[in-house]
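Worksheet for the structure shown next.
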Number of protein chains: 2
Amino acid sequence: MNPLDATRALMDGLGSEANVCMKCGSRSIGLCAPLDVAALDDMSGESERHALEPRDAIFHQGDPARHIYTLTEGTARLTRVLPDGRQAVIGFRFAGDILGFTPDKEHAVGAEMLTKGTVCRLDRRRLEHLFRRYPVLERRFLDLCVKELAASQDHILALGRFSAEERVAGFIISLVEAQERRGRVGPVFDLPATRADIGEFLGLTLETVSRAISAFRKRGWIRLHGHSGIEITDRPALMGLGSGEGVHAA
Amino acid sequence: MNPLDATRALMDGLGSEANVCMKCGSRSIGLCAPLDVAALDDMSGESERHALEPRDAIFHQGDPARHIYTLTEGTARLTRVLPDGRQAVIGFRFAGDILGFTPDKEHAVGAEMLTKGTVCRLDRRRLEHLFRRYPVLERRFLDLCVKELAASQDHILALGRFSAEERVAGFIISLVEAQERRGRVGPVFDLPATRADIGEFLGLTLETVSRAISAFRKRGWIRLHGHSGIEITDRPALMGLGSGEGVHAA
DNA sequence: CGATCCGTTGACGGTCTTCAATATGCGTGG
DNA sequence: CCACGCATATTGAAGACCGTCAACGGATCG
């Protein structure tokens, strides 16, 4: 995997294929891809939808892990907090991604909405049941999980070795690519996270993120449209910086 | 999971149960735990052992992923390199851990020995075959993979939010706990990685790692025995620092 | 016994954080 | 529709932390 794909894959998280799941509506569960119609029916029949507002929690760190969720609309962030209150954003999740899957008793991370949206909730025991009935589903979880792991490792690489501007550039590119993979076309893309959210994801302060974005703007690499619109005007430049083709050339 | 467990679980990686695998000898493959004797026999019959020296590569980043490996003796590191040559150590692996499992065509990380040791090599197609014959094995991979993912997320948290000393303290604690879980008792533990390796794992330079270790020594928290022996003399202090009970108290 | 690798320590400089002030966009209610 | 107020973003200045460069010390091995 290209290091540029780091955050991209991370943010895609579990499930990013584009096919339609019966009850969940327009956007799909990547998981459903290998299932036949009967299985989809099973799965849909056992899930319930919930509408959520910005800042609503889907689940909290430490909650008993009784359900898994599919984010069907909107954007969410995964967070992890330390005993002393410091917090990090572990990743962002978009429509089609899966949240809260763990073999543990409790959720190790919390999940909160950044925008309005909806989730599909599936009881964990029912998922186990589905695993037994459709073994291919379990294999799919395994594959997605390994992909996610690779993405996390890329993020580790970025946090450990990238400068502030490199991280922000990589983040913007991954955000754009994630939206393109979901069918977005226009030159203006969504920037659903605040500077603070981005900073907590990249291990930077919000000021440093803001300065990096301003620098890109001044160099003519991007243009901002309001508080949540971003246009890429020099994609190669951003990609070069964000994928580790640093000055430290080999 | 306690944030302190971050690196610990990461370093344990896939597989840490203590039971004996037929051919691999003394230390076990965690994977084998749920299998019966016939299955173990199958698995052992299809693997081959390799002896390795320090700095030997087990596989390189980009190699076709044709095998998976069980580290049966010794310590290894997983590395990932950037186009410009910058490198990060993604994690350390110890006896009993699994290396190189991926659904992708190529290895996304490289693996090299830090010490002398041996690995058990299993053809990937044979693993797929075993998955079909013993479905519980696949489920085990999934669980281990999710655990590993949680560990990576803790490492992300550490890289993004911990100071240099906090990271080094957390690393030492996890190293010690990993060895204790493998049955090591004495007050003196093994430190199989160089300052440079530790630095590349923690996103620091070797000098900064050295300074942190010196600081702990001067505070009476640890004592060094030669180049690869470390004794913990004030464990609560190290644990407090390494688990994020920072000054920023809640 | 010299060579080499690894670790330690010091001085200096850069990057990013911190603290602070100001500006801009956005929603609300007049 | 415009004015107001709040949240978010921007920008500046100062300083902390860590990286860089460099010299030295100690251990191991041939």
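So that the names make sense, note that chain A is the first sequence line, chain B the second, and so on, each numbered from 1.
Spacing between atom CZ of B:F162 and atom P of D:dA16 amounts to 23 Å, rounded to whole angstrom units. Taking atom CD1 on B:I198 and atom C1' on C:dT8, their separation rounds to 14 Å, with Å as the unit. Taking atom CG of residue A:L114 and atom C1' of nucleotide D:dA7, one finds them 15 Å apart after rounding to whole Å. Here C:dG27 presents its P atom at 13 Å from CD of A:E53, a figure rounded to the nearest Å. Rounded to an integer number of Å, the gap from NE2 of B:H225 to P of C:dG7 is 16 Å. The CD1-C1' distance, from B:I230 to C:dG7, rounds to 13 Å in whole Å. The CG-P distance, from B:D197 to C:dC5, rounds to 15 Å in whole Å. Distance, B:R167 CZ to D:dG19 P: 8 Å, rounded to whole Å.
By the 30° and 60° cut-offs, the orientation of the rings of A:F216 relative to A:W221 is parallel.
Across residues 203-222 of chain A, A:L206, A:E207, A:S210, A:R211, A:S214, A:R217, A:K218 each have a non-hydrogen atom less than 4.0 Å from an atom of DNA chain D (numbered order).
Nearest heavy-atom pair, A:T233 versus A:I222, reported as atom, atom and distance to 0.1 Å: OG1-N, 3.2 Å.
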*asked:* If you apply the rule side chain to side chain contact (heavy atoms under 4.5 Å, CB included), what do you find for B:R80 with A:I156, and how did you get there?
replied: CA-CA 10 Å; B:R80 192 136 172 49; A:I156 287 171; over 6 Å; no
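With respect to B:R49, the side-chain contact (heavy atoms from CB on, under 4.5 Å) criterion is satisfied by exactly one of B:T70, B:V119, B:T118: B:T118.
If you check every strand for non-hydrogen atoms under 4.0 Å, B:R161 touches nothing.
Residues B:Q61 and B:T79 have side chains that never bring a donor and an acceptor to within less than 3.5 angstrom of each other.
Between the side chain of A:R167 and the main chain of A:F162, a donor-acceptor pair closer than 3.5 Å is present.
A salt bridge links A:E148 to A:R93: one of the charged nitrogens lies within less than 4.0 Å of a carboxylate oxygen.
Set against C:dC6, D:dT10, D:dC18, the side chain of A:L224 has D:dT10 as its closest nucleotide.
Considering only side-chain N and O atoms, A:R195 lies nowhere under 4.0 angstrom from the phosphate OP1 or OP2 of D:dT8.
With DNA chain C read from its 5' end, the first of the two nearest nucleotides for A:E165 and A:H227 is the one closest to A:E165.
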